[in-house]
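Residue numbers start at 1 and run along the sequence shown. Heavy atoms only: backbone and side chains are in, while hydrogens, waters and symmetry mates are out.
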Amino acid sequence: SLTGGAATAGLRRSLEGAIVDVSQSGAYGKLDPPTARAALAKVNQSISSLTTAGSAGADVATLIALLQQVAASLQAV
């Protein structure tokens with residue numbers, strides 16, 4: 001992959017601080033709206049960066065699709 005390490009690092013940065021804790025019962029906690037908005041901004045930045053990489057020939061369509069799904073979920077918070 002042309003962007004292998006960079007894409008992984010970008011995704012990690014995008015989701016940093018937005019990881020939902022899983023309780024013993026397996027139930028997911030909810031993100032508070034300010035945290036969700038901050039995470040959404042980071043995800044959107046990553047989508048933009050990946051789109052640029054895709055324009056340069058990198059195969060990032062799957063990563064973009066995944067991040068778009070994450071963004072849609074964050075918008076629902």
Side-chain angles (χ1 to χ4, degrees):
S1 166
L2 186 62
T3 62
T8 302
L11 179 59
R12 186 176 305 120
R13 281 192 305 273
S14 294
L15 299 177
E16 189 175 302
I19 297 172
V20 179
D21 292 327
V22 178
S23 70
Q24 291 272 351
S25 68
Y28 287 95
K30 289 189 174 182
L31 293 173
D32 62 334
T35 303
R37 283 191 300 271
L40 180 59
K42 291 180 181 184
V43 169
N44 285 333
Q45 288 173 346
S46 291
I47 291 170
S48 177
S49 295
L50 288 169
T51 300
T52 300
S55 296
D59 181 13
V60 293
T62 302
L63 289 172
I64 291 171
L66 175 64
L67 288 176
Q68 288 171 334
Q69 290 297 314
V70 171
S73 295
L74 289 169
Q75 288 172 342
V77 172

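Taken from CD in Q68 to CG in N44, the straight-line distance is 9.5 Å, to the nearest 0.5 Å. Here the OG1 atom belonging to T35 is positioned 12.5 Å from the CG atom belonging to L40, to the nearest 0.5 angstrom.
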Under 3.5 Å, sequence neighbours excluded: what are the donor-acceptor pairs made by side chains of residues 47-57?
residue : atom : partner : partner atom : Å
S49     : OG   : Q45     : O            : 3.2
T51     : OG1  : I47     : O            : 2.8
T52     : OG1  : S48     : O            : 3.2
S55     : OG   : T51     : O            : 3.1

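Judged as a side chain to side chain contact (heavy atoms under 4.5 Å, CB included), and not counting sequence neighbours, the contacts of P33 are R37.
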